[in-house]
Colleague: 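Before I ask anything, here is the structure I am working with.
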Amino acid sequence: MYAITGLTDTQTTELIARLAAGGAANRPGGGRPACLDLPTAVSVVLFYLRRNLAQAAVAELFGISQPTVSRTIAALEGPIEAALGEHVPTLEDLPEQLVLVFDGTLTPCWSYRAHPELYSGKHRTTGHNHQVASDTHGNVLWISDPLAGSVHDKAAWDHHHIDDYVDTDQVIADKGYQGTGAVTPRKKPIGGQLVKSDHQRNTSIHKIRWAIELANAHIKTWRILHTDYRRPFRTYAQAFRTIRALI
């Protein structure tokens with residue numbers, strides 16, 4: 001199961017058991033189309049989120065119809081989030097007395113005509129801005145709710161009130177977080193050059209910041225967060241929360 005869903009057999013079995021206990025195994029209104037048993041329905045949703053294949057391709061692989069795939073995803077995303085929600089870390093859960101590394105990451109999506117605010121000039125594509133916190137080993141500690149891709153990382157930091165929950169002296173971040181109080185690289189002054197000590201400082205920061213790149217790469221093993229999100233705009237928030245619960 002891990003190769004196609006990102007979960008081990010043990011994890012998948014536990015998830016199915018939690019869903020069944022929550023009523024997802026029952027019809028009607030039990031969170032799955034009647035033509036699928038619960039384990040198959042869960043596999044369909046996990047496979048889709050993990051691989052981000054077209055729903056028609058997922059349907060061919062499971063021997064079902066594309067509308068069944070669509071209904072299964074819509075029906076089970078919420079219950080999966082609810083079944084695992086107690087394990088989703090919040091800002092309040094960030095450990096004290098630990099060096100944290102922060103960064104923003106863009107999860108790309110279609111260019112929805114009604115949502116030009118999703119365009120990120122930095123990345124030159126449309127998507128959603130998520131703030132990510134990791135430790136210095138690259139373990140994901142927190143992922144924020146989505147903001148529009150046009151939102152700058154400093155503005156996202158302020159929006160989430162992150163400095164209410166962390167000691168900024170213990171936070172490492174890139175230049176986009178200057179003004180937050182976090183430890184960031186020095187910018188080259190206009191018309192001037194960095195001195196040797198500034199170069200050394202920046203090198204030390206970059207050697208720590210590799211950890212957040214590892215964390216972001218781990219998040220985006222769920223390919224629906226790495227390649228264009230193709231479903232309607234209104235469905236993104238739920239899909240993301242489901243994946244965040246699974247990570």
Colleague: Could you tell me if Q131 and Y177 have a donor-acceptor pair between their side chains, going purely by distance under 3.5 Å?
Modeller: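 Judged by distance alone, the side chains do pair up.
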
Colleague: Go through the steps to decide whether D145 and R244 satisfy the test salt bridge (charged side-chain N to carboxylate O under 4.0 Å, His left out), and finish with yes or no.
Modeller: CA-CA 9 Å; D145 289 334; R244 181 170 58 182; 2.9 Å; yes

Colleague: On the ring face of Y2, is R50 found with NZ or CZ under 6.0 Å from the centre and within 45° of the axis?
Modeller: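 R50 over Y2 ring: yes.
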
Colleague: If you draw a 6.0 Å radius around CD in E96, do more than 12 non-hydrogen atoms from other residues or ligands fall strictly inside?
Modeller: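 Counting neighbours around CD of E96, 12 or fewer heavy atoms of other residues, nucleotides or ligands fall under 6.0 Å, so no.
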
Colleague: Between the main-chain N or O of L147 and the side-chain N or O of N129, is there a donor-acceptor pair closer than 3.5 Å?
Modeller: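 Judged by distance alone, no pair lies under 3.5 Å.
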
Colleague: Considering only heavy atoms from C-beta outward, does the side chain of W222 approach that of L246 to under 4.5 Å?
Modeller: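 They are in contact (side-chain heavy atoms under 4.5 Å apart), so the answer is yes.
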
Colleague: Would you find more than 12 non-hydrogen atoms of other residues, nucleotides or ligands less than 6.0 Å from K188 atom NZ?
Modeller: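 No, not enclosed.
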
Colleague: So does E60 have more than 12 non-hydrogen atoms from other groups sitting under 6.0 Å from CD?
Modeller: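 12 or below, so no.
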
Colleague: Would you please indicate yes or no on a ring centroid separation below 6.0 angstrom for H128 and Y236?
Modeller: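 Centroid distance Y236-H128: below 6.0 Å, so yes.
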
Colleague: With side chains defined as the heavy atoms from C-beta onward, is the minimum distance between T235 and I73 less than 4.5 Å?
Modeller: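 With C-beta onward as the side chain, the pair stays apart.
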
Colleague: Quick one about Q238 and T242 (side-chain donor to acceptor, distance below 3.5 Å, no hydrogens or angles considered), yes or no?
Modeller: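 Present: a donor and an acceptor within the cut-off.
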
Colleague: Indicate, with yes or no, if L46 and I64 share a hydrophobic cluster defined by side-chain heavy-atom contacts under 4.5 Å among Ile, Leu, Val, Met, Phe, Trp and Tyr.
Modeller: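 In one cluster with I64: L46, yes.
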
